[in-house]
Amino acid sequence: MEDLAREGLTGHYLGGGEITCCTLVKDDLFIAVKSHLMVYSTRNAALLHVQKLGSSEVTGLSPSPTNSQQLLVTSRDGILSVWDMTDWTLMRKLTVGSSVSDLLVSRSNQHLFLVTRNSESGNVVTTIQKHCAATLEHKSDSLIIKKPCDNFRISSCGNFILFTRDTRVRVVNTCTCATFTRFTHDTDLCSVALHPTRNLAAVADVNGRICLLNDWNVKGCVEATVQHWHANQVGGMGFAPRSEVLFSGGAESVLVKWLDGQPQFLPRIGGGIQHVLCPESGDIVVLVTEDTALHIVSLNTWSVKFKLCNILKRSRKTQGKTRVTTDIACSKSDVLFSSTPGYLQVYDVEKREHKRVVDITNQNQSTGHVRNKTLSYIDITHFKLSDDGEWLVTVERRDDGFVTPENRLKFWRKQDTEYTMKTCVDPPHSKITTSLSLGITTEPTAVTTSTDCSVKVWGCGDDEDSWTQRQVLKHRHGPAYSSLISGDGSVVVVGYKGLVVLYGTASWDVKAEVPQSVGRLDQIFLSGYYLLTSSRDLISVWNLTSLSLCWEVSANISYILALPDKTFLAFVSRKSVTDAFLFGVKSAAPLAVHKFVCPGVVEGACLVGREDGREMIVMLNSEHELYTLSHIVPPPLATSDREHQDTATIFTQLLKISAPPAALPELKHNSTATLASSVLNVSSNALPPVSAICANVLSDFLPPKVVHGN
């Protein structure tokens with residue numbers, strides 16, 4: 001079983017790093033993020049495929065001029081590889097020997113050119129190597145340029161290569177290897193675009209000026225036509241394939257359309273524009289912005305047709321004192337998790353496709369007019385989804401260390417397929433909100449804890465559309481770090497510093513106090529008469545009838561998932577991988593152990609139902625990859641031409657977690673597994689409310705309760 005898990009292990013990459021290159025292949029957008037490739041459809045912004053292309057950063061992507069079903073890839077470690085796009089298998093690999101920075105492909109003469117860079121005696125030496133596209137054979141002597149150069153572009157005929165060096169535009173004749181200066185500017189150049197069919201080039205400088213060069217591949221200097229609107233460095237440019245219309249964008253977050261020297265504007269794109277690509281269809285423009293979003297602009301309506309915000313994951317785990325959420329939630333087959341800062345991403349694991357993005361903060365936009373700026377994000381620190389998917393509750397915070405931190409609690413209600421904000425509390429606490437829990441007592445209820453020593457209870461109003469504060473709970477042990485609403489709604493459990501307190505929701509009085517050996521708890525669970533607490537390196541189980549410690553175990557635990565059959569799945573990180581331990585509250589001995597269920601550290605997990613009635617566990621790891629544990633073998637990759645279908649395989653058969661107790665003997669388990677499983681699978685309906693268990697425990701020894709109303 002372990003070997004099978006390793007062989008079948010595949011993940012769905014959701015970003016994490018800077019975009020190194022992007023290109024268009026017919027109507028599909030290929031984006032390289034570090035060593036991963038993501039393929040999107042420009043028709044509907046659907047994610048079509050995700051592929052790991054190697055171990056080093058990808059620097060160049062292009063379809064092969066000899067076979068449209070093959071993809072040429074270059075990487076920073078000096079490797080040129082050929083991939084079959086029908087089944088995504090690696091066909092050939094060539095080691096160049098130097099770091100490859102650019103890949104240029106000539107479709108007419110079926111040649112490709114590799115731009116490599118080396119440092120010799122402290123100087124950067126740029127080399128252009130010519131290869132045969134069919135055999136990858138090195139064709140002739142390399143052209144060596146003993147100075148750093150940038151912005152390499154190749155003509156449609158393949159006979160000329162244009163590049164910039166400081167303020168000059170240089171051109172190389174690929175047949176004779178002769179070079180000449182075509183244009184000299186007064187400011188450093190930063191961006192270049194070539195028309196796909198005409199001898200027209202555009203170069204832009206760091207001050208926002210754009211220079212148009214006609215007949216750029218003719219030897220001799222030329223006067224340029226200057227167009228100027230941008231106030232900052234131009235990030236990307238592109239020509240419409242069937243006209244001389246130029247599109248440009250930069251830090252102003254405005255797409256500019258240039259026709260006969262006159263600009264037309266599409267403002268408020270959302271982030272500084274880094275890449276502008278024009279597909280052959282000619283009716284759309286594709287933008288990639290620095291706030292890690294993909295925008296598809298319709299030229300017919302001159303508006304953003306699609307916006308996709310899941311190209312990259314959140315830029316960092318902390319900002320200032322803010323702890324970014326690693327929560328993951330599910331409703332039916334939809335999985336909800338944190339994506340780009342300020343956004344939640346909805347992913348359908350049944351159909352294996354991205355569905356939509358929920359803009360929570362609506363403020364993470366780059367609109368500054370300064371270079372080398374740093375975005376101050378408003379991060380989502382916590383979110384919870386109700387069991388029926390009707391309500392979404394989010395906590396957001398911004399703390400850049402300079403201004404007063406911002407804190408907001410928002411309640412969203414699902415309408416059709418979208419979530420609409422119904423209530424916003426600004427701020428819910430005077431200090432950091434440390435946890436959020438959502439459940440049902442006598443009404444839909446949310447509980448927030450904070451370092452301001454208060455625990456607040458929020459309830460849904462009579463009109464079922466607004467939320468208000470119901471109770472304020474405080475305790476002598478000060479700051480609260482975690483909370484939980486019991487399944488039957490009779491108890492709210494709060495983890496204070498070194499203490500767990502159980503409150504009855506009928507009168508909000510203290511039912512019991514359970515001391516803890518650690519100051520801060522990460523997770524709290526109730527299972528029948530038992531309380532399970534977890535910190536980063538310790539699991540403890542307490543008997544609530546006697547308030548005695550049953551057992552505790554030390555382990556490097558990253559996350560615990562409660563399963564419907566009253567068992568728990570603990571994810572324990574081991575070096576660069578994660579192991580899964582299935583256990584119950586009766587004994588510390590695991591019922592089942594599986595090695596290497598996921599690479600990296602599991603930061604969140606949830607249980608998702610399938611249409612066939614079976615269940616799967618979806619895991620989100622530290623690399624922002626999704627993995628699943630399920631009964632179903634993943635479908636094979638497509639072996640025919642794609643027509644905008646999702647060919648990503650993201651599932652793997654690893655562990656029968658949701659199987660009935662009779663299936664447990666098929667797994668590796670100890671001698672107590674059968675007994676423990678039979679005890680733990682008692683129907684929850686047969687148990688009395690949790691509040692009744694603790695009603696009379698230590699009632700004479702408890703300190704006076706402190707309960708504050710509205």
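Everything numeric in this text was worked out from a predicted model, so none of it was measured. By convention here, the first residue in the shown sequence is residue 1.
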**Prompt:** Counting N and O atoms only, with roles assigned by atom type, does the side chain of S62 sit under 3.5 Å from a partner on the main chain of L72, one being a donor and the other an acceptor?
**Reply:** no

**Asked** CD1 of I328 to CG of L344: how many Å apart, nearest 0.5 Å?
**Response** 11.5 Å

**Message:** Any side-chain to backbone donor/acceptor pair from S573 onto V601? Under 3.5 Å, distance only.
**Reply:** no

**Request:** Using atom types as modelled and distance alone, determine if a side-chain donor or acceptor of S99 lies under 3.5 Å from a backbone N or O of R76.
**Result:** yes

**Prompt:** Are any side-chain N or O atoms of D579 and backbone N or O atoms of F596, one a donor and one an acceptor, separated by less than 3.5 Å?
**Reply:** yes

**Message:** How long is the straight-line distance from CD of E252 back to CD of Q233, given to the nearest 0.5 Å?
**Reply:** 10.5 Å

**Request:** Look up atom CG in D28 and atom OH in Y40, then write down how far apart they are to the nearest 0.5 Å.
**Result:** 12.5 Å

**Request:** Any chance you could measure L194, atom CG, to S155, atom OG, to the nearest 0.5 Å?
**Result:** 8.0 Å

**Request:** Inspect the surroundings of NZ in K52 and state if more than 12 heavy atoms from other residues, nucleotides or ligands are less than 6.0 Å away.
**Result:** yes

**Request:** Verify whether one side chain among S35 and S55 offers a donor that lies under 3.5 Å from an acceptor in the other.
**Result:** no

**Request:** Check the angle between the aromatic planes of H131 and H138 and answer parallel, tilted or perpendicular using the 30° and 60° thresholds.
**Result:** tilted

**Prompt:** Do any N or O atoms from the side chain of T89 and from the backbone of D84 form a donor-acceptor pair under 3.5 angstrom?
**Reply:** no

**Item:** N621 side chain to P599 backbone, donor-acceptor under 3.5 Å
**Value:** yes

**Asked** Do side-chain atoms of S56 reach the backbone of S75 as a donor and acceptor pair under 3.5 angstrom?
**Response** no

**Prompt:** Hey, what do you get for CG (L53) to CH2 (W88), rounding to the nearest 0.5 Å?
**Reply:** 7.0 Å

**Check: H382 side chain, E396 main-chain N or O, donor-acceptor pair, under 3.5 Å** = no

**Asked** Counting distance only, does the side-chain N/O of R165 pair as donor-acceptor with the main-chain N or O of R170 below 3.5 Å?
**Response** no

**Complete:** When rounded to the nearest 0.5 Å, the distance separating CG of L114 from OG1 of T74 is 7.0 Å

